[in-house]
Amino acid sequence: MTAYHELFADRFARLRIGSAGIRTPARRPVINPATGAAFASVPLAAPEHLESAVAAARAAFPAWRALPWEERQARLEGLAGRMAQARGELADLLTLEQGKPRHSAAAAEVDYAIGWLREVAGRRLADEVLEDAPQHRVEKSYVPLGVAGLIVPWNFPLCLAAWKFAPALITGNTVILKPSPYTPLTALRLAELAEDVLPPGVFTVLTGDDELGQWMVDHPGIAKISFTGSVATGRRVMAGAAAGLKRVTLELGGNDPAIVLPDADLDACIPKLFWGAFGNSGQWCVGIKRLYVHDDIYPQLLDGLVAYARGVRMGDGMDPASQLGPLQNARQYEKVLGILADCAERGLRIALGGGAALGPGYFVPVTIVDNPPDDSRVVAEEAFGPVLPVLRYRDFDDVVRRANDTEYGLGASIWGRDTALAEALADRLEAGTVWINEVYVHGVDFPFGGHKLSGLGVEHGAEGLAAYANLKIRMTAR
Ligand code: NAD
């Protein structure tokens, strides 16, 4: 760790605000979750830094919005190109700060973010003529909002940032991105890369504590908050935004059910179910968090899943052999251990894992719980860790009721050969996205958002782009 510490000691010393590089009096350590040790530190923004950032973003807005779409696209493609050149470094930083395996998940997230940015840069919000009559012409257009405040969590720091800054920037807004206090490094590196290709003030990254997020929500100079994180914080964001009637998009938590039908092709779906539940060590908003399996195939599926899981290696993400990394932070680690302790106290049957954590970092073993009761914590709560309850069902109406019996409504999936049955069940599930025989597939053109407590508004698609604009109607009498 010493080597990393030396490498990063003064690496991210400044906030870049406008054209200035600013050293803050206070800094915050960055912990490598594979070791639990600090290896870097980053600036801790204070209210005056937010003031400067908002001023810079507002100053940059008129010229940025006035650029033709093609020019903004070219700049964003330039940023994607710079990211591609820094691909290896970004993946290293991502693994060190987040924990995910460097050569698989981290590299894939970097490439995904680059690809996403390139794709979104090519999208447009098209103006429309709504009426063109001899006496009257009515036109609809989209105008950017101003400064967008983008607040993201720690599970996919680059991907979730790209989901926000790409549409915000291409539609003509300037942005202030606040990464999670736990994963600030990739965002700070992005800010450096952006400096080469975007005008000062267009893309600012501020690192700070949670309170920085609240200051952004409360700041009258920020026109919109796009937030991804927990329901509890989402509520605070919405309450804070009410004062200024600030636009908000909220992408919040989930407790996604997966339903396996009796005719499912188990060999084909077991690996997908495993990675759907345990990918990113379960820290996935649309990960499978409750797996409902029909009685007829329950024993085979459970055994198959356990056997598959035994072959997956968890370890330090910098080790090329690691397929799963640690939990990202101590708070999450304690939460997941609390759920495991509850399983033990209730005497639930553990088909795999449980037991002691794998230390010294925030490692929790892959854990599969065999048919726990619906009211146990492992079923009712979003664990956000590598802990999966597998639940028996016999009746389709009953499994739909149980799948919907949650305040969340982010995603859901159905697995089976009978597509007509799967589609009929999908229509009855309360979720923003229902996948059939796949899970967590996203696309630039597919709106994504949660029902119920899982969110408000959507990202992606035309609707996601439009969420960074005000609609404007122009009517002309002739
Ligand atoms: P969190 O709500 O604690 O933090 C998210 C972000 O909000 C961080 O940057 C944090 O600093 C900031 N923040 C904290 N308090 C704030 C406040 N009062 N005002 C404004 N910002 C504030 O969430 P987390 O623990 O970082 O992330 C895990 C959660 O995110 C899980 O519930 C997960 O399901 C959810 N998530 C949802 C999606 C989605 O797209 N729906 C994607 C990923 C994660």
Side-chain angles (χ1 to χ4, degrees), residues 28 33 42 44-45 50 97-98 100 109 116 149-164 176-184 186-187 205-219 222 224-243 246 248-256 279-289 327-336 362 381-385 406-412 431-433 440 442 446-460 464 467:
R28 183 188 155 99
V42 296
L44 200 62
L50 177 62
E97 69 177 359
Q98 206 285 332
K100 62 187 67 188
E109 183 171 342
W116 196 270
L150 314 177
I151 302 177
V152 294
W154 41 260
N155 56 339
F156 289 93
L158 262 183
C159 152
L160 294 176
W163 278 11
K164 296 187 188 306
I176 298 174
L177 169 67
K178 191 197 93 61
S180 166
Y182 298 113
T183 52
T186 39
V205 171
L206 287 185
T207 50
D209 279 331
D210 287 346
E211 56 189 357
L212 170 62
Q214 192 69 51
W215 300 334
M216 289 168 67
V217 170
D218 295 338
H219 200 293
I222 295 181
K224 170 177 180 127
I225 296 287
S226 181
F227 170 83
T228 297
S230 62
V231 172
T233 312
R235 284 195 170 106
R236 283 197 282 276
V237 169
M238 195 161 169
K246 195 164 287 185
V248 287
T249 300
L250 303 176
E251 295 289 359
L252 308 178
N255 194 1
D256 291 10
N280 211 36
S281 294
Q283 303 162 109
W284 203 308
C285 58
V286 288
I288 295 171
K289 296 183 184 142
L327 291 176
Q328 198 282 324
N329 59 71
R331 190 182 64 177
Q332 192 58 28
Y333 177 67
E334 294 301 331
K335 179 180 172 194
V336 176
Y362 308 134
E381 289 183 28
E382 179 193 37
F384 223 59
T406 166
E407 293 181 307
Y408 294 111
L410 192 57
T433 306
Y440 59 62
H442 296 279
F446 314 144
F448 169 66
H451 294 189
K452 303 197 280 187
L453 291 192
S454 288
L456 189 80
V458 296
E459 298 192 284
H460 321 333

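Ligands are counted one by one from 1 in listed order, and the atoms in each one are counted from 1 as well. As the structure is a prediction and not an experimental result, all values here were calculated from the model.
- Residue-ligand proximity: Phe227 is placed with a non-hydrogen atom under 4.0 Å from ligand 1.
- Not a single heavy atom of Gly455 sits under 4.0 Å from any atom of ligand 1.
- Within the 4.0 Å heavy-atom criterion, the part of Ile151 lying near ligand 1 is the side chain and not the backbone.
- Scanning the protein for heavy atoms near atom 9 (O) of ligand 1, the closest one is Val152 O, 2.8 Å.
- Here the heavy atom of the protein found nearest to atom 23 (O) of ligand 1 is Ser230 N, 3.4 Å.
- If you check which protein heavy atom lies closest to atom 10 (C) of ligand 1, you get Asp210 OD1, 3.3 Å.
- Listed for the Glu381 side chain is no donor-acceptor partner under 3.5 Å among the backbone atoms of Asn255.
- Of the protein's non-hydrogen atoms, Glu382 OE2, 2.6 Å is the one closest to atom 34 (O) of ligand 1.
- To the nearest 0.5 Å, atom CG of residue Leu252 and atom OG1 of residue Thr228 are 8.0 Å apart.
- Within the structure, the closest approach of Gly450 to ligand 1 does not fall below 4.0 Å when heavy atoms are considered.
- A side-chain donor-acceptor contact under 3.5 Å links Glu97 and Thr186.
- Checking Ser281 against Lys100 by side-chain atom types alone, no donor-acceptor pair falls below 3.5 Å.
- Note that atom 4 (O) of ligand 1 has no protein non-hydrogen atoms nearby, at separations under 4.0 angstrom.
- Atom CD in Glu382 sits 3.5 Å away from atom NZ in Lys289 (nearest 0.5 Å).
- Classification of the His460-Phe448 ring pair by plane angle, with boundaries at 30° and 60°, yields parallel.
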